[in-house]
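The block underneath contains the structure these notes are about, expressed in structure tokens.
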Number of protein chains: 2
Amino acid sequence: MESVREQLQIFTRRFGLLNASCCDECCGEQVSMAQSYILFEVRRSESPSMQQVAEELGMDVTTFSRQAKGLEARGLVSRRVSADDRRVMFLGLTDDGRKVLEKIDGYMAARLEEVFGRMSSFERETVVRSLGLLNEALIEASQGTANQKGTIACCK
Amino acid sequence: MESVREQLQIFTRRFGLLNASCCDECCGEQVSMAQSYILFEVRRSESPSMQQVAEELGMDVTTFSRQAKGLEARGLVSRRVSADDRRVMFLGLTDDGRKVLEKIDGYMAARLEEVFGRMSSFERETVVRSLGLLNEALIEASQGTANQKGTIACCK
DNA sequence: GTTTATATTTGCATTTTGCAACTATTTTTA
DNA sequence: TAAAAATAGTTGCAAAATGCAAATATAAAC
């Protein structure tokens, strides 16, 4: 199991670097890694609240608050107060935000093409399926043990 | 291909959170994420130089220099000047450093057990093999295109 | 033997971070 | 229903992390 840990560790670190390089190559210093995570997550959820995103990203709410404000100031993210509960704010992407994210997507897609292009189609399928398995198992592990504290807490 | 990107993005983010939680649960605020990366990488390479580690981690050398100094001050990392070239410093783990890293390993292993325990042995094997494929492809992609700048730069 | 290149460190200014405390709103409860 | 407790979000502040430019020390090149 230790080698798995090593593989995971190395892979995620390298993927992170890839990601970071895409962030600044595509949008000229405009978007930090954390910010791209936020944009990504806002798009993925349907108009999530501040809390929701902060929690999903494992980011302190206060830090998140500032980041969100920054993204709003740059016109990449919109915020509106919930009608049901005026304490909560829903986040959304502006057109510009969507555009920036699509640029990052483009860069990432190109890099991933280089990576996956080195695999056979069988290997590619295996890898894709594995990622799905990993994500599911991670979610299950974090939900299934929600009552026993101290265990996995990484998603949702 | 876009869904792959999404899977990768989400997985690496979550794995990062898992990792972070292990860092501070195990060693009481002592070790930051970046520092655990450094310890991990120093162990993995055989007495690497400062440059080597900094580059592998995609960290600015100056930032790295300070982090390394911090780890040395805490007695987790040792540094010795190379005999061949007195400009370079080789890094190594102290016994304490090794111990801290092993503690993190232990936490991670337990969490990963929870995750992988939810898979069949066939699934597990598939996942492990996939991670190997991914890492190899990533290295190849970053080396194979070393001459064409602007492409993947994440490893070694 | 002087110039150039390399490995590492420091100065400094900027940014990021997280805790504690605050505001505004909702929910609980007595 | 009025007061207390809980929740979502924001700000103050101090600590940490970051990165560029410049410095040091050593090695390689010419």
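Residue numbering restarts at 1 for every chain, and letters A, B, ... go by the order of the sequence lines.
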Measure all distances between protein nitrogen or oxygen atoms and nitrogen or oxygen atoms of nucleotides 18-20 of chain D, and list the pairs falling under 3.5 Å.
residue	atom	partner	partner atom	Å
D:dT18	OP2	B:Gln67	NE2	3.4
D:dG19	N7	B:Thr62	OG1	3.4
D:dG19	O6	B:Arg66	NH2	2.7
D:dC20	N4	B:Thr62	OG1	3.1

Item to check | Spacing of B:Arg13 atom CZ and A:Met33 atom CE [to the nearest 0.5 Å] | outcome: 10.5 Å
Checklist entry - Going by the side chain to side chain donor-acceptor pair (under 3.5 Å) test, which pairs reach into residues 91-101 of chain B, not counting sequence neighbours? => result none
Item to check | Minimum heavy-atom distance A:Phe64-A:Met50, with the two atoms named | outcome: CE2-O, 3.5 Å
Item to check | Derivation of the side-chain contact (heavy atoms from CB on, under 4.5 Å) call for B:Leu131 and A:Leu8 | outcome: CA-CA 7 Å; B:Leu131 286 170; A:Leu8 284 169; 3.5 Å; yes
Checklist entry - How would nucleotides 24-29 of chain C be written as a contact map, 5' to 3', with B for base contact, S for sugar-phosphate-only contact and - for no contact, using protein heavy atoms under 4.0 Å? => result BBS---
Item to check | Pairs involving residues 78-88 of chain A, ordered by first then second residue, that meet side chain to side chain donor-acceptor pair (under 3.5 Å) (sequence neighbours left out) | outcome: A:Glu72-A:Arg79, A:Asp85-A:Arg87
Item to check | For A:Ser130, all residues meeting side-chain contact (heavy atoms from CB on, under 4.5 Å), sequence neighbours excluded | outcome: A:Thr126, B:Thr126, B:Val127, B:Ser130
Item to check | Contacts of A:Ser121 that satisfy side-chain contact (heavy atoms from CB on, under 4.5 Å) - sequence neighbours left out | outcome: A:Arg124
Next on the checklist: Using the side-chain heavy atoms of B:Arg79, tell me which of these nucleotides is nearest: D:dT10, C:dT8, C:dT9.
Outcome noted: C:dT9
Checklist outcome for this item: Heavy-atom nearest pair, B:Ile104 first then A:Arg5, reads CG2-NH2, 3.8 Å
Checklist entry - Between B:Lys69 (NZ) and D:dA17 (C1'), how many Å, whole number? => result 14 Å
